[in-house]
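Here is the structure we will look at.
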Protein chains: 2
Amino acid sequence: MAEDILRTLGYLALGSRMKRLGETLQAQTQALVADTGADLPAAQYPLLEALERLGPTKIGVLAAVLGVAQPGVTRMVDKLEAAGWVETQRDNDDRRVRTVRLTATAARMLDQARKDVWPTIEAAVADACATGTGPLLDRLAALEDALKEAPLARRAAAGRKGGEDGRS
Amino acid sequence: MAEDILRTLGYLALGSRMKRLGETLQAQTQALVADTGADLPAAQYPLLEALERLGPTKIGVLAAVLGVAQPGVTRMVDKLEAAGWVETQRDNDDRRVRTVRLTATAARMLDQARKDVWPTIEAAVADACATGTGPLLDRLAALEDALKEAPLARRAAAGRKGGEDGRS
DNA sequence: ACCAGATATATAACTAGGTATATAAAAGCC
DNA sequence: GGCTTTTATATACCTAGTTATATATCTGGT
């Protein structure tokens, strides 16, 4: 196993390291979702959840609540619309505004996921984050180690095998 | 100020949140580098540092020590080579292998940066990470808050204004 | 009413990541 | 030596971020 240089660089490579960890978490989350048999775009979960909470929302607001740049949200929305997760329309009072809402199908699938998929994922990620107590860099290192040792899917499987009184 | 939905989603949006934070850190780091008048590709610092430490290295090994996928490294190397930071050549004993090394100019600039740029950056990031003591999510939230309140460039400036006995 | 400035979103351009696969070269086996 | 399998990297395709700018629309002042 090669030495992990990002770790030795400490704060100097924190940005790179967090992006890497974010990629890992998203990939493992999507794999875990697939394991449950669900067909959900895990990476877009925050956007879908925002729509669930806020109801019909314009693109600029979505960008603000998600803390990302507007053009990215425009593209994400276009993609989700093409895939049938959201639908959009121009606002009658201001033709610049495009309002995004969940399709009925998407709302149902999210409702279902809220019951059986997201709790599994949340528990698995929390489990991975439970190790380590030190400062931020140590916590990141601990999380990286934890994910490498036992990807989320394995943690979820362990949770299921442990029975109903498992990981709460 | 819009509510930050990623925060409310806790572990469910940890991957997205880390990628966002990584983007923020890298952007602020590059701005801070520009403030110092240096012309360094901050996002490629880990790769350049790896070459500094390991000497001439093949692409697969770079991918391994950086913990990223090989095609990304190929692309990064191509870009750095075009910009004069690295040079590559085929290995005589194994024509599949491409060996990457720093150019002499790059080595000098990195040497200089090691003295005057990276310590500034490291201190600023460490400063931003210093707040908060709770579990990982709280630590991330604290870091996000800290970066929003005072971007790295401002932290570095505060460090310089504080004089030589400032932030150690 | 007209115009300048502000605003919302689309588009352009770029960066940086992933997985999958293609191509070439090396290694190992018979 | 010939063939099959493995390995290293390039390439294809896709995703997801950014900043900058274009386009259309709205707002407010005169």
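The sequence lines fix the lettering, A, B, ..., with proteins before strands; numbering per chain opens at 1.
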Exercise for review: Please confirm whether any donor atom in the side chain of A:R20 sits under 3.5 Å from an acceptor in the base of C:dG17, or the reverse.
Suggested key: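 Donor-acceptor pair under 3.5 Å: no.
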Exercise for review: State, yes or no, whether a side-chain contact exists between B:R98 and B:T74 at a heavy-atom distance under 4.5 Å.
Suggested key: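 They are in contact (side-chain heavy atoms under 4.5 Å apart), so the answer is yes.
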Between [X] ([atom1]) and [N] ([atom2]), how many Å, whole number?
| X | N | atom1 | atom2 | result |
| --- | --- | --- | --- | --- |
| A:Q44 | D:dT15 | CD | C1' | 9 Å |
| A:L47 | D:dG17 | CG | P | 10 Å |
| B:E23 | D:dA16 | CD | P | 13 Å |
| A:L25 | C:dG17 | CG | P | 16 Å |
| A:R17 | C:dG17 | CZ | C1' | 18 Å |
| A:L66 | D:dG17 | CG | C1' | 13 Å |
| B:Q28 | D:dG17 | CD | P | 18 Å |

Review point. Roughly how far apart are B:L140 CG and A:L140 CG, rounded to 0.5 Å?
Key: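 It comes to 7.0 Å.
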Check your understanding: Judged by modelled atom types alone, do A:T24 and A:Q28 share a side-chain donor-acceptor pair under 3.5 Å?
Key ->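 A:T24 vs A:Q28: no donor-acceptor pair found between side chains.
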Exercise for review: Given side-chain hydrogen bond (donor to acceptor under 3.5 Å, both in side chains), test B:Q26 with A:S16 step by step and report yes or no.
Suggested key: CA-CA 7 Å; B:Q26 284 189 339; A:S16 298; 3.0 Å; yes
With a 4.0 Å cut-off on heavy atoms, is [X] in touch with a base, just the backbone sugar-phosphate, or nothing at all?
| X | result |
| --- | --- |
| A:D93 | sugar-phosphate |
| A:V73 | nothing |
| A:Q30 | nothing |
| A:A27 | nothing |

Revision key, fill the gap. Going 5' to 3' through nucleotides 5-10 of chain D and flagging B where a protein heavy-atom sits under 4.0 Å of the base, S where only the sugar-phosphate is that close, and - otherwise, we get --BSBB
Point to revise | Under-4.0 Å side-chain N/O to phosphate OP1/OP2 contact, B:K19 with C:dA16 | key: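 Checking B:K19 against C:dA16: no side-chain N or O falls below 4.0 Å of OP1 or OP2.
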Point to revise | Listed nucleotide nearest any side-chain atom of A:M76, set C:dG18, D:dG17, C:dA16 | key: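 Given the options C:dG18, D:dG17, C:dA16, the side chain of A:M76 is closest to D:dG17.
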Point to revise | Nearest to side-chain heavy atoms of A:R75, which nucleotide of C:dG18, D:dG17, C:dA26 | key: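 Closest of the options to the side chain of A:R75: D:dG17.
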**Study point:** Along DNA chain C (nearest heavy atom to each residue), the more 5'-positioned of B:N92 and B:Q26
**Key:**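 That would be B:Q26.
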Point to revise | Position toward the 5' end of DNA chain D (nearest nucleotide), A:G67 or A:R95 | key: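 Its nucleotide being nearer the 5' end, the pick is A:G67.
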Practice item. Would you sort out whether A:T8 and B:R53 count as a side-chain hydrogen bond (donor to acceptor under 3.5 Å, both in side chains), showing the intermediate values? Key: CA-CA 11 Å; A:T8 66; B:R53 293 185 183 186; 2.7 Å; yes
Point to revise | A:T99 and A:Q89: CA distance, side-chain angles, deciding distance, side-chain hydrogen bond (donor to acceptor under 3.5 Å, both in side chains) verdict | key: CA-CA 5 Å; A:T99 305; A:Q89 66 198 124; over 6 Å; no
Point to revise | Salt bridge flag under 4.0 Å for residues B:R114 and B:D111 | key: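 Yes, charged N to carboxylate O under 4.0 Å.
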